Peer 1: 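Dropping the structure in here first, questions after.
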Number of protein chains: 2
Amino acid sequence: MATINDVAQAAGVSISTVSYALSGKRSIAASTRQRIMRAIDELEYEPNAGARMLAGARTNILALSAPLGPDGHLPTHMRFVTSVVEAARAHDYDVLLLATDDEVSGIRRAASRSLIDGVVVMGVATTDERVPLVRRLGLPSAFIGIPPGVDDMSCIDLDFDRAGREAVTMLAEAGHTSIGVIGHPHSYVDRDTNFIRRFTHGFDDECRARGVRTATQWPEIGRTGGAQAYDLLREQLPDMTALVFHCNEPIVEGALRRISQLGLSIPGDLSVLAACASYAADELETPLSAIPLPLDEMCHSAVENALALVDSLGDPQVTLIAPTFLDRGSIAAPRPAVHPA
Amino acid sequence: MATINDVAQAAGVSISTVSYALSGKRSIAASTRQRIMRAIDELEYEPNAGARMLAGARTNILALSAPLGPDGHLPTHMRFVTSVVEAARAHDYDVLLLATDDEVSGIRRAASRSLIDGVVVMGVATTDERVPLVRRLGLPSAFIGIPPGVDDMSCIDLDFDRAGREAVTMLAEAGHTSIGVIGHPHSYVDRDTNFIRRFTHGFDDECRARGVRTATQWPEIGRTGGAQAYDLLREQLPDMTALVFHCNEPIVEGALRRISQLGLSIPGDLSVLAACASYAADELETPLSAIPLPLDEMCHSAVENALALVDSLGDPQVTLIAPTFLDRGSIAAPRPAVHPA
DNA sequence: GCGCATTATCGAAGCGCTTCGACGCATCGC
DNA sequence: GCGATGCGTCGAAGCGCTTCGATAATGCGC
């Protein structure tokens, strides 16, 4: 493997000149730079990662702390991971994946070994030990999710509070006054997951402001849970004319299945909105109007925020992404009277 | 951050002694080792990754080349990734995740930069450019999947040929003479995916040997595809008394749904076997007897094979894991005459 | 009690890079 | 025309580790 020395010799310059040509930290004559670049191409030179790290420069590696609980939704999880890797690659960064019981200790290890320049933290819990850990390590970082009360670290997330309000607004303005919600599995809620709390807060608050009746079901995990949740919701809120999903695909699918079994049409008999959807809501049995979870935007911003801190450009900041709405025709005005099967 | 120098001073020895105490490559007096270990604990010393790499030792990093096609099954993909990370961690290795368009160039880059000790290659295609690349780089590696005609590199996979035979054997011995197969989405088959070919080879061969009638459907992706595939299969093979799945969850779920809609009972009306199941076949609508895909075993062996090559212990080898059978009562003797709805 | 093998430890070289200070040279202002 | 300035380049130090002799200390046989 070619070293910087080989390149320097081939180009007839010193190694420091090569280094500066590569980093751009000092000016280099155009002709010299060209000779160097040609040598690099010919020799297929790639800087040695270890040497670069050791010399106190970058490692060009970002850790991704991605815990996956037993009730985690694999497809969503994978989408986040993929998206972070993609974003990192766009900045010539590689990603060290920390998972399964190593999402905390791995951060400590990788940082202590000076193996990483920063960390992107996924699956942030309401009380998350990674917050104080990362703070203590002084490691450039970005959190995907907002740990409550944190304002000295970069965090990015959908504005779930506003998403909740928007959901109500969309439906209320279409004329609905009784809106059911099928939320995430109750095991998520038991953990007091922060984004759920924020969504619920905005949603309930807006309902109150608009005099909308509402009820929420936190189902069992999986499709069956979704179907059951629909039935329970119908009991709880017999005059329900609109339904909001704030959960993952399987539950949505289960509920939609149940709704179609009951012979109900969307949006004729029931208006439906997929809120904070991490999945393609247009590929469901019935395509749903949605407030999408801007997963890619979240991941890309997280990577960029983390790298900005690596470069000491600016301070940590909390970013809330404004919700958007994608109309797929699953929302309409309520029928004067709906008689469920 | 503490360096080896700090440790050496604290323990009153030279840095080489510390290094040898840590690596065990030369004998160290027990008392000295204890002093060193205490110093390490007190100083929370972790060796600098860059320095270690540069000094020509290990990087303790393994790349995972994990391409995910547009039709890839996210949950299965994630299970593989997680399992590889877990296996690597068990050997104090970290994993650099190479994905989305970087699964080939990333190997080259990471290797040229001496950033990794080896690579685990997932999602091996029948003709895979990563095979010659890795061979050319001389990089310790392990392939999850068997690229055809390769015997000079470590590969590991379920013995799909035998799994195909076993599937037939299980059902034929229960008395079935007409077995339908619902396979992977046809886009996988179009790509001439090797493991499908191997399964089909074993399956068809065994059917021929036993005089069993058979037909296969390669459905559209997703649950709907599964349901359609069942109907088509029933047309193609009207006397079918047994069904084998060789596909991912959604297709299985779609087909099971359809079967239950038709009022057919398992195994009363139809015996069903989930072959090479990467999912929990006991958590389906109807729990299915299965030949599980030994995903964890595959990933762990792959990591171990790759690391054995890093340590120059033994030569590359192709490992085929023998299929096993998990009885969940979804196979029974066929009824004398079955009249499908 | 002497030489010899063995064990425990040390010093120093070197891995490939970044970066600091220095130097030579052309350019500029006055 | 002379010092000041800036540009392009070089040499050397140093990052923290592994590893190769070398050396000192110990135990052994006879």
Side-chain angles (χ1 to χ4, degrees), chain A residues 1-37 39-40 43-61 92 109-117 310-311, chain B residues 1-37 39-40 43-61 92 109-117 310-311:
Chain A
M1 257 164 261
T3 72
I4 198 172
N5 228 309
D6 303 329
V7 174
Q9 278 189 303
V13 297
S14 74
I15 61 164
S16 52
T17 304
V18 176
S19 181
Y20 285 123
L22 244 33
S23 70
K25 294 195 178 173
R26 282 195 188 176
S27 50
I28 297 288
S31 61
T32 311
R33 159 170 287 119
Q34 277 179 8
R35 259 181 304 136
I36 292 174
M37 289 310 172
I40 287 178
L43 296 169
E44 296 189 347
Y45 167 73
E46 288 271 359
N48 180 292
R52 184 177 262 186
M53 292 182 196
L54 183 54
R58 302 295 167 66
T59 70
N60 272 252
I61 301 179
D92 195 27
R109 173 169 32 85
S112 306
R113 293 184 182 177
S114 299
L115 175 53
I116 54 173
D117 291 337
V310 173
D311 292 327
Chain B
M1 257 165 259
T3 71
I4 197 173
N5 227 310
D6 303 329
V7 175
Q9 278 188 303
V13 297
S14 75
I15 61 165
S16 51
T17 304
V18 176
S19 181
Y20 285 122
L22 242 33
S23 69
K25 295 194 179 172
R26 283 197 189 175
S27 48
I28 296 287
S31 61
T32 310
R33 159 169 288 120
Q34 277 180 7
R35 259 183 303 137
I36 292 175
M37 291 308 173
I40 287 178
L43 296 169
E44 296 189 349
Y45 167 73
E46 288 271 358
N48 179 293
R52 183 177 261 187
M53 291 183 197
L54 184 54
R58 300 297 167 66
T59 68
N60 271 251
I61 301 178
D92 195 27
R109 173 170 31 86
S112 306
R113 292 183 183 177
S114 299
L115 176 53
I116 54 174
D117 291 336
V310 172
D311 291 327

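Keep in mind the model is a prediction, meaning the values are calculated, not measured. Note: hydrogens, waters and symmetry copies are ignored here, and every other heavy atom, side chains too, is used. Residue numbers start from 1 in every chain, and the chains themselves are labelled A, B, ... in the order their sequence lines are given, proteins ahead of strands.
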Peer 1: In degrees, rounded to 10°, what is the bend between the two ends of the helix from C:dG1-D:dC30 to C:dC30-D:dG1, using five pairs at each?
Peer 2: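 About 30° separates the two local helix axes.
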
Peer 1: Can a side chain N or O of A:S14 be found less than 4.0 Å away from OP1 or OP2 on D:dC10?
Peer 2: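 True: A:S14 side-chain N/O within range (under 4.0 Å) of D:dC10 OP1/OP2.
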
Peer 1: Measure CG/A:N5 against P/C:dC17 and give the value in whole Å, please.
Peer 2: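 Roughly 8 Å, once rounded to whole Å.
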
Peer 1: Please report, rounded to the nearest Å, how far the P atom of D:dG8 is from the CD1 atom of A:I28.
Peer 2: 8 Å

Peer 1: When you match B:A55 and B:G12 each to their closest nucleotide on DNA chain C, which lands nearer the 5' end?
Peer 2: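 Result: B:G12.
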
Peer 1: Nearest-Å distance, CD1 (A:I15) to P (C:dT18)?
Peer 2: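 Nearest whole value for this atom pair: 9 Å.
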
Peer 1: Could you check whether the side chain of A:S16 and the base of D:dG11 have a donor-acceptor pair of N or O atoms closer than 3.5 Å, going by distance alone?
Peer 2: yes

Peer 1: A:N60: which residues meet the side chain to side chain contact (heavy atoms under 4.5 Å, CB included) condition with it, sequence neighbours left out?
Peer 2: A:R52, A:R58, A:D92, A:Y93

Peer 1: Please give, in whole Å, the distance from D:dC17 P to A:M53 CE?
Peer 2: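 Going from CE in A:M53 over to P in D:dC17 covers 14 Å.
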
Peer 1: Which of residues 18-26 of chain A have a heavy atom under 4.0 Å from DNA chain D?
Peer 2: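 A:Y20, A:R26 - these, ordered by number, are the residues of the stretch whose heavy atoms sit under 4.0 Å from the strand.
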
Peer 1: Once rounded to the nearest 0.5 Å, what's the spacing between atom CD1 of B:I116 and atom OG1 of B:T59?
Peer 2: 7.5 Å

Peer 1: Measure the distance from CG on A:L54 to P on D:dG16 and round it to the nearest whole Å.
Peer 2: 7 Å

Peer 1: For DNA chain C, which residues in residues 43-51 of chain B have a heavy atom at a distance below 4.0 Å?
Peer 2: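 Heavy-atom cutoff 4.0 Å gives no residues at all.
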
Peer 1: Identify the two heavy atoms, one from A:Y45 and one from A:T3, that lie closest to each other, and give their separation to 0.1 Å.
Peer 2: CE1-C, 3.5 Å

Peer 1: Taking only the side-chain nitrogens and oxygens of A:R52, find out if one of them lies under 4.0 Å from OP1 or OP2 of C:dT18.
Peer 2: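 Looking at the OP1 and OP2 atoms of C:dT18, one of them is under 4.0 Å from a side-chain N or O of A:R52.
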
Peer 1: Just call it for A:T32: base, sugar-phosphate, or nothing, with non-hydrogen atoms closer than 4.0 Å on any strand.
Peer 2: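 Result for A:T32 = sugar-phosphate.
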
Peer 1: Using OP1 and OP2 only, check whether a side-chain N or O of A:S27 sits under 4.0 Å from D:dG8.
Peer 2: yes

Peer 1: List in chain and number order the residues that pass side chain to side chain contact (heavy atoms under 4.5 Å, CB included) with A:A10, two or more places apart in sequence or in another chain; answer none if no residue qualifies.
Peer 2: A:A39, A:L43

Peer 1: Mind checking if A:T3 touches a base, just sugar-phosphate, or nothing, with heavy atoms under 4.0 Å?
Peer 2: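 Touches sugar-phosphate only.
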
Peer 1: Nearest 0.5 angstrom please: A:E44 CD to A:M1 CE, how far?
Peer 2: 11.0 Å

Peer 1: Sequence neighbours excluded and cut-off under 3.5 Å, please list the side-chain donor-acceptor pairs for residues 23-35 of chain A, or say none.
Peer 2:
residue, atom, partner, partner atom, Å
A:S23, OG, A:S19, O, 3.3
A:S23, OG, A:K25, N, 3.3
A:R35, NH1, A:A11, O, 2.7

Peer 1: Nearest 0.5 Å, please: how far is OG1 in A:T17 from CD1 in A:I36?
Peer 2: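 It comes to 6.0 Å.
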
Peer 1: In whole Å, I'd like the distance from the CD1 atom of B:I4 to the P atom of C:dA12.
Peer 2: 16 Å

Peer 1: Can you tell me the distance, in whole Å, between the CZ atom of B:R113 and the C1' atom of C:dC17?
Peer 2: 13 Å

Peer 1: Could you state the CG-P distance from A:L115 to D:dC17, rounded to the nearest angstrom?
Peer 2: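 A:L115 atom CG is separated from D:dC17 atom P by 14 Å.
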
Peer 1: Just how far is it from atom CD1 of A:I4 to atom OG of A:S14, taken to the nearest 0.5 Å?
Peer 2: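 Atom-to-atom, A:I4:CD1 and A:S14:OG are 9.0 Å apart.
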
Peer 1: Find the distance between CG (A:N48) and CG (B:L54) and round it off to the nearest 0.5 Å.
Peer 2: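 Spacing of CG (A:N48) from CG (B:L54) equals 6.0 Å.
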
Peer 1: Please determine, for the side chain of B:A29, which listed nucleotide (D:dC17, D:dT9, C:dA8) has the closest atom?
Peer 2: C:dA8

Peer 1: With side-chain contact (heavy atoms from CB on, under 4.5 Å) as the test, would you mind laying out the steps for A:L22 and A:I40 before giving the verdict?
Peer 2: CA-CA 10 Å; A:L22 244 33; A:I40 287 178; 3.4 Å; yes

Peer 1: Once you round to the nearest 0.5 Å, how far does CZ of B:R113 lie from CE of A:M53?
Peer 2: 10.0 Å

Peer 1: List the atom of A:V18, the atom of A:A8, and the distance in Å for their closest heavy-atom pair.
Peer 2: CG2-CA, 3.7 Å

